[in-house]
Protein chains: 2
Amino acid sequence: MTIAEISEDTGALMAAIGRRAREAARGLALAATSDKNAALKSMAKSLRQQQSTIAAANARDLAIAEGRGRSAAFLDRLRLDPARIEAMAESLEVIAALPDPVGRVSAQWVRPNGLEISRISVPIGVIGIIFESRPNVTADAAGLSVKAGNAAVLRSGSDSLQSARAIAACFGEGLDRAGLPVDAVQLVPTADRLAVGLLLGGLDGAIDVIVPRGGRSLVSRVQAEARVPVLAHLEGICHVYVDASADFAMARSVTVNAKMRRTGVCGAAETVLIDRNGGAPLIAAVVGALIDAGCEVRGDEAVQAVERGVTPAQESDFGKEFLDAIIALKVVDGVDGAIEHIRAYGSQHTDAIIAEDAAIAERFLREVDSAIVLHNASTQFADGGEFGFGAEIGIATGKLHARGPVGLEQLTTFKYQIRGAGQLRP
Amino acid sequence: MTIAEISEDTGALMAAIGRRAREAARGLALAATSDKNAALKSMAKSLRQQQSTIAAANARDLAIAEGRGRSAAFLDRLRLDPARIEAMAESLEVIAALPDPVGRVSAQWVRPNGLEISRISVPIGVIGIIFESRPNVTADAAGLSVKAGNAAVLRSGSDSLQSARAIAACFGEGLDRAGLPVDAVQLVPTADRLAVGLLLGGLDGAIDVIVPRGGRSLVSRVQAEARVPVLAHLEGICHVYVDASADFAMARSVTVNAKMRRTGVCGAAETVLIDRNGGAPLIAAVVGALIDAGCEVRGDEAVQAVERGVTPAQESDFGKEFLDAIIALKVVDGVDGAIEHIRAYGSQHTDAIIAEDAAIAERFLREVDSAIVLHNASTQFADGGEFGFGAEIGIATGKLHARGPVGLEQLTTFKYQIRGAGQLRP
């Protein structure tokens, strides 16, 4: 990891980062699996060795952020305690143990003229990763990039810049010890916001894809300004639809888990839709479970008529990402009503149906156009680790290239190799 | 196909088109394969029935284009004779006969907690297709969209607008007869260039992806202005590298085919690289074959030293898309020199090696980062039909989602369906 001197000329600095990334990507694309894994393990080792240096840098970031009056939640995301640094190191070791996603033949066929065509997975090239205040995001992001044979350009939020530098220095050490290009993971060393604009412009062809990791305003800026493809994660407006055929106990447990296990994750349920045909008992069962679990329930009139502990829902509560112990609840006309509601208010992220009627469940799975649709399971399974991907860089809510968890496979592309014997096209 | 009255208010017109497309996409996404195939065959039937109407509209377009002083090549692309109309109808029938790309399970696994995860192909949604003066492009574009379950919004160049309207009317008839939404294929009915900008802006979320079919200036505008993903086809700067180990006869025949079969297609070779170790006999063999085939050869000094019929190459001849019977020729230091040259001058489209040495060929196939790399075969095989895709909408030179020929499969995305038994996330 070469940390360039902070340049007066951010343009020249970023152009140089782009050129180095492109060159490093070339080396990394052809690197042996064993070398990439050695680098990842060595990066983990450096993180552990430099734990106190990282902690000291993080303390400086925290002091400045406190001085800026950042919220407690913000400071918590920024904080790197020994457990979080160890978790970063372990994450790199998990990625080292995953199969190499590069060089996999995903299709192979022979044409009538004898041409043998293979579609083979290859790295994308250079990934620009823009994140905000969570410096530990760098480990998963850089680790997945390296394993998939891509060079990464990391752009940290200004609040976590010193922490990110200390972490990135460890990545550089690890790459160097494994004989891989140190520029395979570069951190943008300046807080100048112009650097983000330049990165989104693609650095003159050096950046192949941008992955934003942050809140709505970051993602909006990225989507508005990016001149290169983006694997973006928008909101998770996740729904649980409880059909009249649902098992009551399952409806209660899954709904509570979907909302309350962790309320701040993108796979947390934000709206429960209840089948009108289930009547008052179904409504009472689900609402009671949520209230008992400490959740504020904002219900429509049909829900209010059944349960007194319910707050009246505003129209704006539907389609809202609360990311808190609050849920909107609406009574709908069966699976059709649920599909309609999700179509109008959802974010094509993750939606679930609780039903014993298999035909109704299959209709939901088929007709709801979301990255992840579940039958009789919690929306909180929307996670690369839970999919068995080992690690993820986020959940993509766009439809092209990657949809759902973005793990190693989603950080590769493919090419066609054709083997012939002198064939000419007629 | 609803052709709205040309509105003074292009904004309102385009917004309405977007809403109708989104609604039609929903119906088409769930349509049975048999209905989609019936629609395609019915569209073909209408094209044949309306042949004279289409020809008359085309004659009006041609007269206006001639009045505008368009080139002969331009007028040829614009012209629809009975053979071309029949070819459009046949293309729709070919697409009807292809397997449905929707609903294919591309991966399926069971997690330790019992969750069954399936990755299943689904339509993308709404595709905006912007094309220039070749009205027959509409058939492949609309046909592939319908078969993949997507709604299409077609934007024709102003020179072919009347032809495109007549063709689009046939699509509407075909869709209607098969009971599918007529708005599944809509043509933007105005030549107002503002409509392109609005389409590139995504029509308020209605457009999922843009496919430009046209020259460099169209693609540049699309890439600069698009706020939605683009499957773009940039230049095809295709190389043939002739290794010293090449079979001379094969080197001659493949090089000539790669350049001269059709000089105006994107898979036509534009530069030949010859291994210095092959010496004067190899250079003479390849250059002689090209000159005999009627090709102008622009060679570097090493080539000029061997063959007198060679024009001196300028630096700007390397990396140039001639799309004509002209080729640039350079002597390089073996496969390493070839890989370096292609990296510096290529467009990551299609590149070939002619070699008998298998190890050298494998290095080329592995290290050249292009959508299509070939060993001992002509670059002109860069074509969806030649891949067995049945039909294609273009060759994608970007790296995400689709790379190489864009056929039916590349016009789908996927979703994850998860089947559980009440699992909660711990």
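Please read these numbers as outputs of a predicted model, since none were measured by experiment. Just so you know, these numbers use all the heavy atoms, side chains as well, and skip hydrogens, waters and symmetry mates. A, B, ... follow the sequence lines: proteins, then strands. Residue 1 opens every chain.
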Any donor-acceptor pair under 3.5 Å from B/K415 side chain to A/R366 backbone:
yes

Contacting region of A/E409 [heavy-atom separation from chain B under 4.5 Å]:
side chain

As an exercise: rank A/S253, A/G103, A/P123, A/P229 by heavy-atom pairs under 4.5 Å with chain B and give me the winner.
A/S253

Does B/D357 have more than 12 heavy atoms from other residues, nucleotides or ligands lying within 6.0 Å of its CG?
yes

One option among A/T413, A/V254, A/L365 has the most heavy-atom pairs under 4.5 Å with chain B, and it is A/L365

Can you tell if the side chain of B/I418 reaches within under 4.5 Å of the side chain of A/E386, non-hydrogen atoms only?
no

Can you tell me which portion of A/R111 sits under 4.5 Å from chain B's heavy atoms? Options are side chain, backbone, both or neither.
side chain

Give a yes or no answer on whether the side chain of B/R425 reaches the backbone of A/F381 with a donor-acceptor pair at less than 3.5 Å.
no

Quick check: are there more than 12 heavy atoms from other residues, nucleotides or ligands sitting under 6.0 Å from CZ of B/R262?
no

Answer with side chain, backbone, both or neither: which region of A/S106 has an atom nearer than 4.5 Å to a non-hydrogen atom of chain B?
neither

Sort out for me which of A/I124, A/T350, A/I354 touches chain B most, counting heavy-atom pairs under 4.5 Å.
A/I124

I'd like to know whether CG of A/N113 has more than 12 heavy-atom contacts from other residues, nucleotides or ligands below 6.0 angstrom.
yes

For B/Q223, is it the side chain, the backbone, both or neither that has a heavy atom under 4.5 Å from a heavy atom of chain A?
backbone

